[in-house]
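Remarks on the structure that follows.
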Amino acid sequence: MGRRIVLGVLLSLMTGLAAAGNLALDSAGCTELESQGPEAFSRLVEQLETETKLGGGASLDRLAACGLDVEVLRQRQCGKAYSQQNLEFLLRHCRYEAWSLARAQCERSLDTISPRYAEFCRAFGRE
């Protein structure tokens, strides 16, 4: 927190109050980035992929301003998704957790796969 205040003061001295105001907005958004749900994280990943192809962008800058790493956020989201059995999210964003779940649920004969995991196992097999 102290580092952000110092950075904000330096930015305001160097570039005027507009940059410091942007930092304040980013600081307020950091908590939102860290606590977002799976749908918001999916949108963020899509934005980051687009921005990366274009050479950077606002979402990437926002993560950097917050001192966050998309992989750390992904791991946090994957842990939540695994415990909540959010199978679609696991398939899209969490290869290790999806593989682990597939080993536990899909490596059986077809008639013993729980109906809850049947679609997951079919989709995992297509991946």
Side-chain angles (χ1 to χ4, degrees):
M1 181 69 176
R3 198 169 71 196
R4 286 191 184 131
I5 291 172
V6 170
L7 185 57
V9 170
L10 287 174
L11 279 173
S12 67
L13 292 174
M14 291 171 38
T15 61
L17 292 176
N22 287 341
L23 180 66
L25 289 174
D26 285 338
S27 295
C30 292
T31 303
E32 178 186 329
L33 278 171
E34 289 182 282
S35 62
Q36 65 189 342
E39 294 81 17
F41 180 78
S42 294
R43 286 190 302 274
L44 175 65
V45 168
E46 290 172 11
Q47 288 173 345
L48 289 172
E49 288 171 355
T50 301
E51 290 175 6
T52 300
K53 290 176 187 173
L54 298 174
S59 298
L60 204 52
D61 293 343
R62 198 168 155 206
L63 282 171
C66 292
L68 297 173
D69 179 354
V70 72
E71 288 307 313
V72 171
L73 293 175
R74 181 187 316 273
Q75 288 305 313
R76 193 175 301 150
Q77 289 292 334
C78 289
K80 288 180 195 176
Y82 190 83
S83 67
Q84 296 170 353
Q85 298 291 303
N86 186 339
L87 305 178
E88 181 182 337
F89 186 87
L90 289 173
L91 277 172
R92 284 190 299 166
H93 300 290
C94 311
R95 296 306 306 160
Y96 175 77
E97 289 82 355
W99 178 83
S100 179
L101 188 60
R103 296 260 318 169
Q105 299 298 328
C106 305
E107 289 186 353
R108 308 169 182 208
S109 63
L110 291 175
D111 59 338
T112 62
I113 294 175
S114 168
R116 177 181 192 177
Y117 297 106
E119 182 57 34
F120 171 83
C121 292
R122 280 192 288 279
F124 186 82
R126 289 188 299 258
E127 295 276 321

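We use all heavy atoms of the structure for the numbers below, so side chains are in, but hydrogens, waters and symmetry mates are not.
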Give the minimum heavy-atom separation between [X] and [Y], together with the two atoms involved.
X    : Y    : answer
C30  : L68  : O-CD1, 4.3 Å
Q36  : F41  : NE2-CD1, 3.6 Å
L90  : A81  : CD2-CB, 4.0 Å
S42  : H93  : OG-NE2, 3.0 Å
C106 : I113 : O-CD1, 3.9 Å
R116 : L87  : O-CD1, 3.7 Å

To the closest 0.5 Å, what do you measure between [atom1] ([X]) and [atom2] ([Y])?
X    : Y    : atom1 : atom2 : answer
R62  : E32  : CZ    : CD    : 5.0 Å
T112 : Q105 : OG1   : CD    : 9.5 Å
E39  : N86  : CD    : CG    : 7.0 Å
E97  : K80  : CD    : NZ    : 13.5 Å
R76  : C78  : CZ    : SG    : 11.5 Å

When you compare the side chain of E119 with that of E88, does any pair of heavy atoms fall below 4.5 Å?
no
L44 and Q47, any side-chain heavy atoms less than 4.5 Å apart
yes
Would you say W99 ends up clustered with Y117 if hydrophobic residues are merged whenever their side chains have heavy atoms under 4.5 Å apart, either directly or through other cluster members?
yes
Counting only N and O atoms by type, is there a donor-acceptor contact under 3.5 Å from the side chain of Q85 to the main-chain atoms of Y82?
yes
Spell out, as yes or no, whether a donor-acceptor pair under 3.5 Å connects the side chain of S100 to the backbone of Y96.
no
From CA spacing to verdict: salt bridge (Lys or Arg N to Asp or Glu O under 4.0 Å), R43, E46
CA-CA 5 Å; R43 286 190 302 274; E46 290 172 11; over 6 Å; no
Give the C-alpha distance, both sets of side-chain angles, the deciding distance and a yes or no for side-chain contact (heavy atoms from CB on, under 4.5 Å) between L63 and D69.
CA-CA 7 Å; L63 282 171; D69 179 354; over 6 Å; no
